[in-house]
Amino acid sequence: MVPPSSPIPLVSDDDPAGVDFESPTAPSPVVRAANVTKIYTRGSDPGRLGTLLGRPDAPRVRALENASITISTGEIVGLAGPSGSGKSTLLHLLAGLELPTKGTVTFQETDLETLSTRERTRLRLEHVGIVFQRFHLVESLSARANVALPLVELGVGKRDRRKRATALLERVGLGDRVGHRPGELSGGEQQRVAIARALVTDPTLVIADEPTGELDTETGQRILNEFERIADDRAVVLASHDRPTLAISDRIVRLKDGMIRSDGNK
Ligand code: ADP
Ligand code: MG
């Protein structure tokens, strides 16, 4: 679906990734949002230009206001806050699914705004694993084919795809459900398929929107253990209302009315 393109230059030659000259032991930032504001107009996403040109009397929602956050390798950041506080909006910006109305999002060394839509899609495909609040599984495909889908887009061969998708499904406890379609799975099982799909490309950044919302306590705990394991050499951001989920975070960022109210220890 995404045509092959040249690799996106995430770093220039004279500025190698992950090297922090001031402090060699500091974790390297994976993604950074700086003073991001997101305004939605009339239920659609008008983008930056649309916001400038949009009718001034059109209803607007300021979903996020002047928010700044940095997420580094090896870190799990929990995003907390009541419904409507801007958690999903912030996750979408960090994932490069949408661009902010104001402010910048930098993935490793790349300002996402400088990329074309196609380059942004490619960067997401290669480096970001996303677990959506509503899963977004393809109904006509088996669990294994759903998990393997990003690998199809990356041009990975069929045997490898099957192997990796099966291994991921086993890791989330669905080794005996690989042939089931989403409609034949419970909500919790669909959620685990979505988690397996987010991990199959071995992403640098994992973003999960209420990833344990549909799970019973025991399965939820298993998935949380999995997130802890994958965060060893990746950056993870989890939006959640759920105490046990927030408890595995190294840091909790609290949102209210689109603004970051605190960013620090629990
Ligand atoms: P949360 O995930 O914390 O529940 P959201 O980021 O989904 O919050 O939403 C923040 C605010 O932005 C809410 O008031 C919501 O109604 C609004 N919003 C989110 N997405 C859109 C959109 N596509 N169009 C218009 N308003 C939106
Ligand atoms: Mg949400």
Side-chain angles (χ1 to χ4, degrees), residues 8-12 15 17 28-73 75 77-133 203-210 235-240 249 251-264:
I8 299 152
L10 290 176
V11 286
S12 61
D15 185 14
S28 47
V30 172
V31 68
R32 198 174 351 196
N35 308 107
V36 291
T37 292
K38 183 70 183 178
I39 298 168
Y40 292 108
T41 307
R42 267 181 284 164
S44 67
D45 176 2
R48 208 174 278 245
L49 194 62
T51 304
L52 290 173
L53 301 177
R55 280 175 39 214
D57 57 344
R60 290 164 168 222
V61 177
R62 197 174 276 265
L64 209 57
E65 178 147 11
N66 204 30
S68 298
I69 183 173
T70 301
I71 297 131
S72 300
T73 304
E75 196 176 35
V77 176
L79 269 191
S83 179
S85 59
K87 301 183 297 297
S88 296
T89 302
L90 183 54
L91 290 183
H92 289 183
L93 296 181
L94 293 172
L97 285 163
E98 291 171 21
L99 290 173
T101 313
K102 284 188 216 154
T104 53
V105 178
T106 310
F107 188 88
Q108 291 174 332
E109 302 292 319
T110 304
D111 176 351
L112 294 186
E113 186 134 42
T114 64
L115 301 179
S116 66
T117 306
R118 179 181 290 186
E119 286 170 328
R120 241 185 326 126
T121 303
R122 188 79 195 171
L123 181 141
R124 255 197 332 268
L125 188 58
E126 291 181 348
H127 299 285
V128 186
I130 308 170
V131 185
F132 291 98
Q133 202 163 358
T204 317
L205 172 66
V206 176
I207 283 183
D209 206 348
E210 318 245 359
V236 177
V237 194
L238 306 169
S240 185
S249 313
R251 210 170 95 215
I252 296 183
V253 172
R254 291 183 193 280
L255 281 163
K256 194 170 179 231
D257 301 330
M259 284 182 269
I260 291 181
R261 297 304 168 111
S262 65
D263 179 346

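All of these numbers come straight from a predicted model, not from anything done at the bench.
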Partner residues of [X] under the side-chain hydrogen bond (donor to acceptor under 3.5 Å, both in side chains) criterion, sequence neighbours left out:
| X | answer |
| --- | --- |
| Asp111 | none |
| Thr204 | His127 |
| Glu65 | none |

[atom1]-[atom2] distance between [X] and [Y], expressed to the nearest 0.5 angstrom:
| X | Y | atom1 | atom2 | answer |
| --- | --- | --- | --- | --- |
| Glu119 | Leu112 | CD | CG | 11.0 Å |
| Leu79 | Glu210 | CG | CD | 10.0 Å |
| Ile69 | Ile71 | CD1 | CD1 | 4.0 Å |
| Leu90 | Ile207 | CG | CD1 | 8.5 Å |
| Ser249 | Leu238 | OG | CG | 5.5 Å |

- Query: Are the charged groups of Asp209 and Lys87 less than 4.0 angstrom apart, N to O?
  - Reply: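 Salt bridge: no.
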
Does the side chain of [X] reach to within under 4.5 Å of the side chain of [Y], using non-hydrogen atoms?
| X | Y | result |
| --- | --- | --- |
| Arg261 | Asp257 | yes |
| Leu94 | Phe107 | no |
| Leu93 | Lys38 | yes |
| Leu205 | Val237 | yes |
| Ile252 | Asp263 | no |
| Thr37 | Ile39 | yes |

